[in-house]
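Every chain is numbered from 1, with letters handed out A, B, ... down the list of sequences.
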Amino acid sequence: ANEKLKIGFVGVTSGPAAAWGTSNVRSMQTLAAWYNETGGVKIGDKTYDIEIVTFDDQKDPKRAVEGMEKMAQEGIHYVVGPNVDDGAAAVRPVAEKNNIIYFPYAFPKELYTPPASNAILGMIANYQSGPAIYKYLKENKGVKTVAFIAANESDPLSQRDGGVAAAKALGLEVVADKDTYQNDTRDFTPVLTPIVGLNPDLLVLSGVAPANAPLLIRSARELGYEGLISTETAQDAKVIEEGAGELANGFISVGGASTPEIASDRMKEFVDRYTKMFGEYNDESNTKVYALDYILETMKANPAAIDNIDEFKKTIDTFSAPNPYVKGDSKLSYVGTTSFGQKRQISVPMVVNEYKDGAFQTLFVGSVD
Amino acid sequence: MEQVIANGLYLGAQYALIALGLTLIFGLMNVLNFAHGQMYVLGGFITYAIYGQLGLPFPVAVVASGISLAVIGGLMERYLFRTVIRRSHREESTMLLAAATAFFFDAVILLIFGEKQRGVPKIVKGVFNDFGVIMPYDRIVVAVLAALMILGFILFMKYSRTGRAMRALAQDRVAAQLMGIKVDRYTMIGFALGAMLAGVVGGLLVSITGVNSGIGGPISVKAFLMIMIGGAGVVGGAIAGGFILGMMESVGLTVLREYGDVTYLVIFAALMIFLAIRPNGLMGKPWG
Amino acid sequence: MNQMLQFSNVHMYYDHVYALKGVSLTVNEGETVALIGANGAGKSSILRAITGLNRIRQGEIHYLGERLDGTPADEIVRRGIAMVPEGRRVFPLMTVAENLALGAFTRTDKGEIAESLDRVMTRFPRLKERYNQAAGTMSGGEQQMLVIGRALMSRPKLLLLDEPSLGVAPKLVQDIARSIVAINRDEKVSVLLVEQNSRMALRISQRAYALSTGEVALSGDSADLIHDDRVKTLYLGGEL
Amino acid sequence: MDTILQVRELTRRFGGLTAVNNVSFDVREREILSVIGPNGAGKSTLFKLIASFLKPTSGEVLYRGERISGLAPHIAARKGVVRTFQETTIFRNMTVRENVIVAHHLRSRASLLGFFVGTGTAREDERAFGASADEILDFLNLTELANEKARNLPHGHLRALGIAIGLATDPAVLLLDEPFAGMNHDETHKAVAMVRRLRERGLTVLLVEHDMPAVMKISDRIVVINFGQKIAEGTPVDIQNNDRVIEAYLGAEDEAIGL
Amino acid sequence: MNRTLRLLGVAAFLVAVFVVVPLLISVTGRKDVYYTLTSVALLSIASAGVWLTFYIGRINMGQGAFALMGAYVTAVLVNHYGVAFWWTLPAAGLFCAVASLLIGLPILRLRGVYFAMVSLVLTEVTRLLALALPVTEGAKGITNIPLPGAISLFGLTIVPDFATLENPRIAFYYLAATLMVLCFAGMYRLVHSRIGHICMSLQQNEELASSIGVNIVHLRLIAFAISSFLGGISGATFAAVTQSVYPSSFTVTDSVNFMLNCFLGGLGYVFGPMLGTLTLYFGWNLLFQTGEFQLLIYSSLMIILMLVLPNGLLSLGEGRRKG
Ligand SMILES: Nc1ncnc2c1ncn2[C@@H]1O[C@H](COP(=O)(O)OP(=O)(O)OP(=O)(O)O)[C@@H](O)[C@H]1O
Ligand SMILES: Nc1ncnc2c1ncn2[C@@H]1O[C@H](COP(=O)(O)OP(=O)(O)OP(=O)(O)O)[C@@H](O)[C@H]1O
Ligand SMILES: CC(C)C[C@H](N)C(=O)O
Ligand SMILES: [Mg+2]
Ligand SMILES: [Mg+2]
């Protein structure tokens, strides 16, 4: 049998935001099973079976720290997660103390700018996709006024503030930037009633949880809102279809790779395997499929990185490998210099999607550097 | 403004129905059922499976939700709460049991139904738009159904033999027993009924707000708020509390939106002040 | 006279408190029997044993020839035993009407229930006046009448009363005592009466048992006991 | 004898109902004064007003010339006016002895902090309370039950415990609400003697009671309340022969039922 | 005899906490356990506060609020004003105690579920305040809190600068364990002195308590202030351990957990919250290998425990003594 290579996950897989972490974990587990089934992963001159060690932090920063300690104890040096800002920030001292590289799905810049150096952003941040989306909408759809709405929690509020700044920088008029809702809201009509009254051209759902997105869309539309709706996070088409149906047509969000126009065969097989293993695919995994491959590919490029994160950090600067999930010859590499002053972000293609009748269609593809 | 009031009324009807089952169980056995929200979620998922997945008619699904939850509630009372109440020194101990069952339901629901938000096809299409009020027809249907169920529940508690027995039980268990009321059985029926109400609301609302495995806890907390406002253990209080909270959210979110993030801060602070002034809610009696 | 209720050597505990230590007693059909005794003697415990509120540890209770102990409480009511518990215990939030209706909980025949209701109303006209008042807001004496009336609504053959005069003003105590006599006489209901007011209890009963720390200390015809020296000193107290 | 309590035009309303209506009377030092009246006449309410558990709608209560109505109950207790409860109100989950020991609160000389660190005074206090509690229990014939959990007591002993708790506070004026209810003649007899001894200890006793033989025997004076109003005041003999009182409360004697 | 037995018990406990546990950890190499046990110690301090409010008859679901406040007091003082952690620790406790007096005055009148509910809302209010106030730096929280510095008296270093340590986790463990031992020693003394009995009288019947001259308002406030003080201390130390604090650091879930810890250990036992916290928190962590079934197993065990020992884990000893 092959030796085991443990990769960790610390993130949220229960509670109202369970979908975020679950899509991470399942992507990793699908890939690990796939690799192990096909003989393991060859790094240097050894072949490894991949084992995913998971920890549910329940969105609690204290528990996230606990999880990171557990990962350190298990001798793990590469961890995917946490999924929220505060958890990602809270684990930083532990990761640094124990030589762990981690891949948060959270946007605070302090995590990725020096002196921080152990966190690698696993997706496109809202301050990267937001301006691109707003610019596109301003130019192509004539958007002039924007309203923001966010849950009164850390992530959404930070993302809203980022969004507001970006919109203002583009010369858009921000007509609402203070509306918030409790995260346990199930019926958004009262929240949206005043905003819809302002009739903005674009309604941005900042940092919206996948569970809330369809409800917000549906309420807004039923109240007669006719403008555009967008968000800067990844969503799942099935969830939106069930929750809002055709009312969600035209909804704009950020995705990764699975739209038919760009998905490679490997991506398609990944989706198949995922579906077989867990019964149902989650489109959020389009962005979350990358992290594990980045870890493994970087190790392949520099086998010494397997238990030495300094080697890993060295490799980051030059690393490049083909992106197996997207058609054509796009590359996996580390980016982020513009935003963070160092390469601390994986280069997930910035695919801006438009929802249409139960599936996402690619609106445009951008990139981050 | 009309819209704000309509929103409040609609939300209130929905909230009141959620609070009813909780207050019933509390009134009957002094158990603050932390698992109420999870029961609601389970009801939602059952309706989702039957109506959304299997494609059977919506009413069938809602009834199935109600029945399943009634059975679950009955079993919970019989095999968990009854034992613990009988054996524990302080009745608050049931809170831990209730919390543990809440976690248990959370786990089961997550394992069976997954982490995703779920929804079902609309039951009625179209939107009512007149008199300055916009309200989708399905919401109107749900609000009317909720109102009817509340009314039915009140009548049931007031005039039916079972309802009367349960009210007697809530006021004085020993005296009820002396009347020849099978105390154990009616407690179980009461718990089942409370659970059934949770299941039915869950089923009804899945047609509008969908359902997701993680919302049980927050729903419970919200339901607690309602029964505190109105007065715990009192049916009228639950209804009043539901409508008041609905109205407060609706009005608060409109009136206070300029002040931004503080809307809920104000709502919660108002609640605390209100309870400090009226320590037993609107119509409740002291407890404990 | 036929025996109606019979205790043979009944023992009862509350956890580790030994409350009844081998009590034997009988109530015959048509009789009023009084139970007197000091605080904690076990009077209430006897009533609780009969109605099934507490289980007995040892001994047997027979009622109309059948075994009673172990029978569920509702079945006991159905067989014709009703109890007025210590300390009134009305359903405070319910109206007088609802309280009375609950008294007939085990009965189904609407016509007969209405008839019983009529009778209770004639016996306690006060209840008719207050028919729709919440029971909790009534005065102590009125509540006492209500619970007696409520007990009668189950159309009992045997009525158990636990200290009906407790906390009731003298004039009302008289009313209640008269009602008990009348119920026993007119409606042929047997009565087992627990009273601290021993003089009253011995006057309106035919036989009596005096209890002492869980045991029957004395028993006999009330008319005799009232002149018994031991009773006089122990329970009637003579001049205070 | 000096006047220790003055009740001045005391009125208390609950919503539309006037439970106590313009009641005035004086209580003299070391007197035993009974308040009688039909159920719901307002006797307990009157006691609650005197012990500052309720605020009067109007009127006042003076204790040694000082107004005490409207103060917090624990302050009235500190001054020396203590009531027992009509309902059997005790600390259910403590033993009988613990109930009485705790009730010595007002006598403690050590502060809370003192008790926490266990100063000499605190330890002395504890010892004194224990001894005093035993004495009180003995006084009320509760010694045998000292280590029984209060919730297990039968009705009659609960009342005695209620009185024991009241006594432990070392009051000047003790208000007893139906202390003899649920006691048989013999027990009542002993309790009456006990109340008399309370007076000998220097206490002033007010009591509400429906047990007429006991009231007549024990009281120096009686105040009769009906529908919240005082309808009579006087010696037991006066009251027994007062037609208004007989009509409203006592009823004519009826040998057939022994009353 | 009884006394020596108790002393032996205390000694055994102290040896276990300060010697055996570190020894076992170094032997097994399970260094992560330090953080777990530090958390247990700190959370059990907060739970002890909740337990005290139970003792006066209040179901307290607001401890999260005070833990959060305490954490922010430390974070703000250390990061914005450069105060040494050791000063901020008592400051956090006192701040919470004072805050609890202000809040407690109106809400301690409430009883039963009403108090429970209002205190639960209090937790949420505090979180929202932390999000909204400028001094707490809103959504992103306060991070990069430096490790506690050295304490020296007369030039003698009593506590070393944590930052110079090879593994500060161990130092934090000793700190938390010491705080816990102090806290529970104090609680034990409180409950077993006359104050305990008075608190108990409050729990059972406030009206009667006031009739025997107890100033119930006063006492309730004192108990609540002590409770909140402990919450504050616990939160403050947590901020130092994790070197950061966020609005979500202590939430409604934590408040509920504090309460559950008390139930599980046993409301009738001073050491209940400690054992309850250990069981619930450590139990959860032990189950982490079970992956997606973690919650299912955890909750099932909790239900079974409740059925077997409805009066808390510590009632186990009681039952044996009796039977
Ligand atoms: N719930 C209980 N738990 C434990 N012991 C009890 C309980 N109820 C009664 N007892 C005990 O049982 C014995 C008999 O009590 P019981 O209530 O039958 O007395 P009683 O004759 O009715 O007295 P009283 O005249 O005071 O009402 C007493 O010693 C009492 O302490
Ligand atoms: N808190 C309250 N709210 C409303 N009404 C009250 C309240 N307390 C007492 N009452 C009413 O005031 C009246 C007097 O009650 P109180 O308890 O003083 O009577 P009492 O003379 O002690 O009667 P009893 O002899 O039956 O104990 C009653 O009608 C009662 O219902
Ligand atoms: C930034 C976030 C809203 C994204 C989210 N944490 C996720 O895991 O998908
Ligand atoms: Mg009795
Ligand atoms: Mg009274």
Visitor: Chain E: which of A:K62, A:K59, A:Q58, A:R92 shares the most heavy-atom pairs with it under 4.5 Å?
Guide: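 Of the options given, most contacts go to A:K62.
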Visitor: Which atoms of E:T143 are under 4.5 Å from chain A, going by heavy atoms: the side chain, the backbone, both sets, or neither?
Guide: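 Contact with chain A involves the side chain of E:T143 alone.
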Visitor: Side chain, backbone, both or neither: which part of A:A90 has a heavy atom under 4.5 Å from chain E?
Guide: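 Both the backbone and the side chain of A:A90 come within 4.5 Å of chain E.
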Visitor: I need the residue from A:D161, A:T54, A:V65 with the largest number of non-hydrogen atom pairs under 4.5 Å to chain E.
Guide: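 Counting heavy-atom pairs under 4.5 Å, the top option is A:V65.
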Visitor: Would you please indicate yes or no on a ring centroid separation below 6.0 angstrom for E:F238 and E:F250?
Guide: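 Ring centroids of E:F250 and E:F238 are less than 6.0 Å from each other.
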Visitor: If the test is side-chain hydrogen bond (donor to acceptor under 3.5 Å, both in side chains), which one of A:H77, A:E74, A:E51 qualifies with A:K6?
Guide: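 Testing each of A:H77, A:E74, A:E51 against A:K6, the sole residue satisfying side-chain hydrogen bond (donor to acceptor under 3.5 Å, both in side chains) is A:E74.
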Visitor: Check each atom of E:S249 against the heavy atoms of chain A and say whether the ones under 4.5 Å are side chain, backbone, both or neither.
Guide: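 It is both, since atoms from each part get that close.
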Visitor: Do A:F9 and A:F55 have their ring centres less than 6.0 Å from each other?
Guide: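 Between A:F55 and A:F9, which both carry aromatic rings, the centre distance is not below 6.0 Å.
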Visitor: Is it the side chain or the backbone of A:D85 that comes within 4.5 Å of chain E heavy atoms, both, or neither?
Guide: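 Contact with chain E: none, neither part.
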Visitor: Given a strict heavy-atom distance threshold of 4.5 Å, which part of A:V53 is in contact with chain E: side chain, backbone, both, or neither?
Guide: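 When you check distances to chain E, only side chain atoms of A:V53 fall under 4.5 Å.
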Visitor: Distance only, no hydrogens: is a donor on one side chain within 3.5 Å (strictly under) of an acceptor on the other, for E:Q294 and E:Q289?
Guide: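 No donor-acceptor contact under 3.5 Å links the two side chains.
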Visitor: Need one label for A:E153: side chain, backbone, both or neither, based on atoms under 4.5 Å from any heavy atom in chain E.
Guide: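 Both backbone and side chain of A:E153 come within 4.5 Å of chain E.
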Visitor: Side-chain donor-acceptor pair under 3.5 Å between A:Q73 and E:Y35, yes or no?
Guide: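 No.
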Visitor: For each of A:G87, A:A89, A:P108, A:A72, tally heavy-atom pairs with chain E at distances under 4.5 Å, and name the one with the top tally.
Guide: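 Heavy-atom pairs under 4.5 Å are most numerous for A:A89.
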Visitor: So for E:N285, is it side chain, backbone, both, or neither that comes closer than 4.5 Å to the heavy atoms of chain A?
Guide: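 Both parts, backbone and side chain.
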Visitor: Could you tell me if A:T113 and A:Q342 have a donor-acceptor pair between their side chains, going purely by distance under 3.5 Å?
Guide: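 Distance-only check fails for A:Q342 and A:T113.
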Visitor: Find the one option among A:M71, A:M68, A:E110, A:Q182 whose heavy-atom pairs under 4.5 Å with chain E are most numerous.
Guide: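 Most heavy-atom pairs under 4.5 Å with chain E: A:Q182.
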Visitor: Would you say the ring centers of E:Y34 and E:F172 fall short of 6.0 Å from each other?
Guide: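 Here the rings of E:F172 and E:Y34 have centres that are no less than 6.0 Å from each other.
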Visitor: Got a donor-acceptor contact below 3.5 angstrom from the E:S227 side chain to the E:G49 backbone?
Guide: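 Indeed, once roles are kept as given, a pair shorter than 3.5 Å links the two residues.
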